[in-house]
Amino acid sequence: TLPRRWVTGLAVDPTNAGRVVVTLSGYRDSEPLAHVYLSGDFGETWHPAQGNLPEIPVNVVRIHPRFPSTWYIGTDAGVFVTRNAGSSWRALGEDLPVVPVIDLALEPNREKLFAATFGRSIYALDLNRASR
């Protein structure tokens, strides 16, 4: 039930293996489909978790291990976070340029998120500071 686009990321809820988030890339002319989807039944069915995200490709997703409704995504326009399983999103990282983020590494014990960008290096985001 996913759109015909490229799957770019997948994350499994660490507290519920049947709950899976998938991200998609690509644009389609006159086809404004979501780029983030959630399944609660091991991938049998999928539901958009796009919320208020802009219509941009999403390259990677990470789920916070202690707060499974908190997801971080790397997009073609930076990093976004949701704290309510995709209902609403906000940009993260005021020092991060608006560039494609191709990978994310989450270090929950230090509350750090590392963002690898396309051509602009790697950035470390302090999640304690960013949550204010």
Using side-chain heavy atoms (C-beta onward) and a distance below 4.5 Å, is D76 in contact with N59? yes
Hydrophobic cluster membership, Y37 vs V7, 4.5 Å side-chain cutoff: yes
Could you tell me which non-hydrogen atom of T82 sits nearest to which non-hydrogen atom of S87, and how far apart they are? OG1-N, 4.0 Å
So how far is it from Q50 CD to I56 CD1, rounded to the nearest 0.5 Å? 8.0 Å
Restricting to pairs with a member in residues 60-73, which pass salt bridge (charged side-chain N to carboxylate O under 4.0 Å, His left out), not counting sequence neighbours? R62-D103, R66-E111
Is any side-chain heavy atom of V12 closer than 4.5 Å to a side-chain heavy atom of I63? no
Looking at F118, I want to see if its CZ is surrounded by more than 12 non-hydrogen atoms of other residues, nucleotides or ligands under 6.0 Å. no
Contact summary for G74 and L104, nearest pair of heavy atoms: N-CD1, 3.5 Å
Using a 4.5 Å cut-off on heavy atoms from C-beta on, say whether the side chain of W89 contacts that of V36. yes
Quick one: does L127's side chain get under 4.5 Å of L106's, heavy atoms only? yes
Just so I know, are the side chains of L113 and L92 near enough to count as touching, which here means a heavy-atom distance under 4.5 Å? yes
Could you give the distance from CG (N16) to CZ (F42), rounded to the nearest 0.5 Å? 6.5 Å
Could you list all the ring pair (Phe, Tyr, Trp, His ring centres under 6.0 Å) pairs where at least one residue sits in residues 48-87, not counting sequence neighbours? H64-F67
Shared hydrophobic cluster, V60 / V99 (ILVMFWY, side-chain heavy atoms < 4.5 Å): no
Say you draw a straight line from CD1 of I102 to OG1 of T8; how long is it, rounded to the nearest 0.5 Å? 12.0 Å
Indicate yes or no: at least one non-hydrogen side-chain atom of L38 is less than 4.5 angstrom from one of R19. yes
Taken in chain and number order and not counting sequence neighbours, the residues that satisfy side chain to side chain contact (heavy atoms under 4.5 Å, CB included) with S39 are D41, W46
Heavy atoms only: give me the nearest G93-L125 pair and the separation to one decimal. CA-CD2, 3.9 Å
Would you say that L24 contacts P3 through its side chain, given a criterion of any heavy-atom pair below 4.5 Å between the two side chains? yes
Any side-chain heavy atom of V21 within less than 4.5 Å of one from I73? no
Taken to the nearest 0.5 Å, the spacing of L53 CG from T23 OG1 works out to 11.0 Å
